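Since the model is a prediction, treat every value here as computed from it, not as a measurement. In what follows, chains carry the letters A, B, and so on, assigned in the order in which the sequence lines appear, proteins first and then strands, with residues in each chain numbered from 1.
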Amino acid sequence: MRLWRKSLKEKIREQLVPLFPLEEAELELTQPPSSKMGDVALPFPFRLARKIKKPPRHIAEQAQPQLAQIEGLARVEIAGGGYLNLFLDRKKFIKEMVLGKTEKQELAEEKKIIIEHTNINPNKAAHIGHLRNAVLGDTLARCLKYKGEQVEVQNYIDDTGVQVVDVVFGFLELERKTLADIQALSGKLDDYCWDLYTRVSAYLQEHPQAQNKRNVYLKKIEKGEGEEARVAAYISREIARAHLETMKRLDISYDVLPCESSILHLKFWERAFQLLQEKKAITLAQEGPNKGCWIMPLTHRTEKEKVIVRSDGTVTYVGKDIAYQLWKLGLLGLDFYYEPFLQENGHTIWITTHQPTPHQVHFGGGSKVYNVIDTRQSYLQDVVVQGLRRLGYPQEADKSIHFSYEMVALSPQSLRELGLEPPPGEEDRSFYEVSGRKGLGIKANDFLDRLEAKAYHEVDQRNPDLPRPVKEEIAHQIACGALRYFMLKYTRNSLIVFDFDEALNFEGETGPYLQYTYVRIQSIFRKLKERKKIVVEDLITPEKLNQIDLSPLNPQEADEMWDLIYLASLLDEEVLHSIVTLELANLAKFTFNLCQKFNAYYHKYPILAEPEAKIQFLRIITVYYLQNTLSIALQLMGLPLPEKM
RNA sequence: GCGCCUGUAGCUCAGGGGAUAGAGCGUCGGACUCCGGAUCCGAAGGCCGCAGGUUCGAUUCCUGCCAGGCGCGCCA
């Protein structure tokens, strides 16, 4: 852990540079196919072979004695056609890893990183598609914080958009309700609106003439006028609160909720428009179909130019997004006012407002921004980034990252389970897109309830004597773990076709499997204390670890212990790699593999029952190190750590 | 039509210019009077979509084709 690999690489370079014309990129450290062949492989002889016209094997032979001198290496072997395989000094390495601090690293590269995720329209309940977004964003935030970055998490609330307008329209026009009626509604507003939104969508479909009236609503809500705006404000706040509740079940939280209403009232767009005109980032189309519109020419994409301001002078969605992105990067020269929205475990979630407040907090102004949005929006995200470029901010453009991922869709089977019909004309598709408009989707809370109910049943079978609230808490932890792991295990490009059987599974490659592994380690430690009066922490001291003696182990066990510790030590790199590639599935797979290997290990090598103290000690430090590593990995993915389950 | 993404075991998915292509699920067969069986072990199962090209070497890179998905609004 702790960048040992980097320092190893430097030492290797020192040894090799006098011998060979070796470029930085040519010195690559890889993994031999089997740990028996070595811990680290150097394939550079193959790359050099062509360059200096010598056979790889010959190069390897020349390098071998030099490399063998490096401190921390036990030996160096030549394998295959010219691989150099390095074996680490096991005793030294184990000691360093087990004693090594496993806290946050100090590798920050940015002043402040902003992650925008969740961004659910506040007009209906959250569904499973939103959960993928939130889990990815939250996990990225955790990984970046672990790396040492300062991270600010934003959740954008489109409280004046057409989706909210539709629901307001439904309440006032279709249901003839007043604000007071709405406030008096029993039950959860987000669930109520889930159905209402579907009805409104259908109504507007069937009554095109109602569009005009809806547009009046839109204008009033944007301007903040009348009952319409008051209802919109109430609904959007209430539903945003409901979304936060849902996300809290998954241990996901935020720092600030920027609202579109604030952006409108504080004239963020007007400022951005001014900047775009000044820098000639957008132009007024003189002819063609977009005549009279302000458009942005696109150079990277082959799609047509993008309209930013309509011929009637109103701004499009992308235009507002450019203004928002400028604010996030501290380039707009304007800021919101803020007030507390709610308290969660001592943490305040702030919301923006256009009225001055006494609170001296500030958000935005990041040096790097991740926008977690599904892949269908990549074209628009490209437009935003290109806007920055055309405004003369190439660095900021490079640091505006669209963290894109594929959507979550529903399998035909899951549709049937929900009692829903496929949309007309789409009866034999292999998956169905979630659609709030059509009411096609699985509500996040409903699914979490199902997970919790199943988890409770399992816990109850295994630990019937635990008090009910404890069992409920554990069930909650397992449900959270199951859901989060499920959302993380697929790579970003992979469309998740949601299937209840798969998502409700607790065996195999699942969150509960990982949690179970952790719980069993806890259980071993507990029993060591109870039955043998051994307190594991007391054994982990520099003095005791200096005396590590691997010789009592038979070679088979020594290798397996080594493999495990070595694999676990790669966690840090795995996290950094996951950040760079934005493939959090790497971390998920890594942790799963680690658990698998560990489960096999302790199945084979008992700890409590081991009579030989020296062997027991070695097994204990192995388990101790695994427990440490595993708890970090699970927390990075947001999987709770139950004591029992 | 144009752009982006995907095609790997029955299913769901990893991987990746080189040393025997890997998991989970499912199927079949096993496991210690055991530290938790939400576990572990084993078996069966693959022309890595097709065809060319680059390379000493391609499942991986390039091109073309085929198949599927998603985008391409003066909607958000």
Report which part of the nucleic acid I607(A) touches: base, sugar-phosphate, or nothing (heavy-atom distance under 4.0 Å, all strands). base
OP1 or OP2 of C13(B) under 4.0 Å from side-chain N/O of S494(A): yes
Report yes if at least one side-chain N or O of Y513(A) is closer than 4.0 Å to OP1 or OP2 of C40(B); otherwise report no. yes
Can you check whether R526(A) has a side-chain N or O nearer than 4.0 Å to OP1 or OP2 of C35(B)? no
Is there a side-chain contact between V309(A) and W269(A) in this structure, where contact means two heavy atoms from C-beta onward sitting under 4.5 Å apart? yes
Please work out if D158(A) contacts a base, only the sugar-phosphate, or nothing of the nucleic acid, heavy-atom cut-off 4.0 Å. sugar-phosphate
Phosphate oxygens OP1/OP2 of C5(B): is one of them under 4.0 Å from a side-chain N or O of R376(A)? no
What is the nucleic acid contact for Y605(A), judged by heavy atoms within less than 4.0 Å: base, sugar-phosphate only, or nothing? base
Base, sugar-phosphate or nothing for N599(A)? Non-hydrogen atoms, less than 4.0 Å. sugar-phosphate
Within a 6.0 Å radius of atom CD on E287(A), are there more than 12 heavy atoms belonging to other residues, nucleotides or ligands? no
Strictly below 4.0 Å: does Q163(A) bring a side-chain N or O up to OP1 or OP2 of C75(B)? no
For residues S414(A) and D499(A), is any side-chain donor paired with an opposing acceptor at under 3.5 Å? no
Which part of the nucleic acid, if any, lies within contact of I478(A), taking any heavy atom under 4.0 Å across all strands shown: a base, the sugar-phosphate backbone alone, or nothing? base
Could you check which nucleotide pairs with C2(B) in any of the strands shown, counting Watson-Crick or G-U wobble with both distances under 3.5 Å? G71(B)
